[in-house]
Amino acid sequence: MAAHISVSHSWLVLFLCLFLMAAGLSCAEGRTRRSAVHRHLKRINKPALKTIQSPDGDMIDCIPISHQPAFDHPFLRNHTIQMRPTFHPDGLFELKEKEEEKEKEKLMLQHWHVNGRCPEGSVPIRRTREEDVLRAASVRRYGRKRRSAAAAPDPLSTDMEMGSGGASGHQHAIAYVQGDKYYGARATINVWQPRIEQSSEFSLSQIWILGGSFGQDLNSIEAGWQVSPDLYGDNNTRLFTYWTSDAYQATGCYNLLCSGFIQINNDIAMGASIYPISNYGGSQYDISILVWKDPKEGNWWMQFGRDYVLGYWPSFLFSYLADSASMIEWGGEVVNSEPDGSHTSTQMGSGQFPEEGFGKSSYFRNIQVVDESNNLRAPKGVGTFTEQSNCYDVQSGSNGDWGTYFYYGGPGKNPNCP
Ligand SMILES: *[C@@H]1O[C@H](CO)[C@@H](O)[C@H](O)[C@H]1NC(C)=O
Ligand SMILES: *[C@@H]1O[C@H](CO)[C@@H](O)[C@H](O)[C@H]1NC(C)=O
């Protein structure tokens, strides 16, 4: 058995060498990169108490809560984990375990749950594989957004370079508010599996909590769902978070792929697939996400659904957001990596335009902000923004059931978006 493993191991090295030579790198460079990949994997994949194999191919490691990647951060060496927020903006919320509520929520949980759960005192973390890191531009950039294209849309910019959504770049269809101090945001987000044309592209639907300026020092906390073949190696729809305190340059990452977010919950894994997914003309599924700032400790907390308080981003990670957010955005983003001015056929949301309405078009409903008095309320003065409405569009509205809502998305390439 051991001999067999070492044989296939050296075959793997040989193949990797051939692959790298084809890519114009020498084998020595390849070996250096490979050992850098291994060091990185050793750093981020912590020893597990238990591992659960998900039907989608993921390995979910149950890591003792105090061994999670956040605690590699020098500022967190002596940190006392907050096992609950001191404040919750939803008056009805109780932090007690509510088994019957959880029963109802079983539908919207994660794929790996069919094969087990993580014990109390541990947190589920999607294991990073060698091939995940090898798909990234470099070990250092693994788990991070590309700096080249600012990923948070600036709806107030008059810079057409940013707004043109040309041959390559990020495109958005969003609703937003700005001009106040915000201490959180909430939304119920319809879940789909958009088709991605090229593996270097992605499609996501999320909330952005923003502070600072879009150029250099933007602070952003982001959460939602995404399809990203580059990051995960498949086309599954996955729950994700992102944070940065310097406009995606040196700080921050997706999920728990760097030190930052402190997870306390043992049920939900960041980056794991969401199940089930809505289908066109059929059943619709949505997830709720709430992010809010604890007024006492200053940490930014995240809740998934009604019952799952996932954890928090410590206040010290941020500059502007250490105080409050100045803009909130909700909506979709895709990357267009087509050369020569043509448009990708990567879908946003359901791939349908907003006019299609419920069951066909994707939506955000009951969008809310946490105001200066720490109350959840409907946002005032909601604007909408898209770079090219013929490719991806957004339409907002409000009614009794859905509060403030919008439909958004589109197919990308089509006769009106060549
Ligand atoms: C952590 O605690 C130790 C022992 O009390 C102390 O020596 C050290 O300076 C502390 N480190 C930080 C970053 O606060
Ligand atoms: C993802 O979807 C694209 C088409 O949309 C397909 O070409 C590709 O093979 C899929 N990748 C995986 C890993 O299933």
Side-chain angles (χ1 to χ4, degrees), residues 12 15-16 19 22-23 37 41 53-60 110-112 114-115 126-137 141-146 149 151 165 167-173 190-206 224-240 254-255 257 269-282 285 332-340 342-353 356 360-362 388 390-392 408-415 417-418:
L12 190 72
F15 274 125
L16 203 75
F19 171 76
V37 168
L41 290 175
Q53 176 133 32
S54 173
D56 61 14
D58 282 358
M59 303 290 267
I60 303 294
Q110 295 184 316
H111 229 151
W112 60 275
V114 301
N115 288 331
R126 176 183 184 268
R127 187 185 301 174
T128 300
R129 298 162 300 187
E130 183 168 352
E131 61 262 36
D132 293 330
V133 184
L134 288 173
R135 278 191 307 273
R141 295 307 302 171
Y142 171 68
R144 295 182 167 185
K145 291 191 177 180
R146 283 184 201 157
S168 77
H170 292 234
Q171 291 202 276
H172 309 86
N190 192 201
V191 183
W192 291 84
Q193 187 179 18
R195 195 184 61 244
I196 311 298
E197 182 177 314
Q198 297 195 23
S199 65
S200 58
E201 300 175 333
F202 65 66
S203 181
L204 56 75
S205 296
Q206 65 167 62
W225 59 255
Q226 68 179 168
V227 177
S228 177
D230 242 10
L231 189 57
Y232 304 104
D234 62 23
N235 293 320
N236 292 347
T237 303
R238 293 166 177 277
L239 175 71
F240 84 98
Y254 283 107
N255 305 329
L257 294 173
M270 298 292 193
S273 335
I274 301 175
Y275 186 81
I277 303 295
S278 305
N279 42 66
Y280 184 82
Y285 299 96
E333 171 180 333
V334 302
V335 174
N336 179 9
S337 61
E338 287 293 297
D340 65 41
S342 69
H343 204 282
T344 179
S345 64
T346 285
Q347 299 174 325
M348 181 190 292
S350 66
Q352 307 296 318
F353 283 114
E356 298 266 327
K360 296 174 178 171
S361 174
S362 38
Q388 280 179 286
N390 290 340
C391 306
Y392 309 104
Y408 72 102
K413 190 185 186 79
N414 72 78
C417 169

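Just follow the structure's listing: the first ligand is 1, and inside any ligand the first atom is 1. Heads up: numbering here begins at 1 and tracks the sequence. None of these values were measured; they are calculated from a predicted model. Quick note: numbers below take in every heavy atom, side chains included, and nothing from hydrogens, waters or symmetry partners.
Scanning all protein heavy atoms for the shortest distance to atom 4 (C) of ligand 2 gives Ile196 O, 3.7 Å. Scanning all protein heavy atoms for the shortest distance to atom 13 (C) of ligand 2 gives Gly233 O, 3.8 Å. Ranking the protein heavy atoms by distance from atom 1 (C) of ligand 2 puts Asn235 ND2, 1.5 Å first.
With rounding to the nearest 0.5 angstrom, the OG atom of Ser228 is 5.5 Å from the OH atom of Tyr254.
In this structure, His170 and Phe202 have perpendicular ring planes: the angle between them is above 60°, well past the 30° mark.
The ligand atoms of ligand 2 that sit less than 4.0 angstrom from a heavy atom of Arg195 are 5 (O).
For Asp234, the side-chain contact (heavy atoms from CB on, under 4.5 Å) partners two or more places apart in sequence, or in a different chain, are Tyr232, Asn236, Arg238. Listed by chain and residue number, Asn190, Trp192, Gln284, Tyr285 satisfy the side-chain contact (heavy atoms from CB on, under 4.5 Å) test with Ser278 (two or more places apart in sequence, or in another chain).
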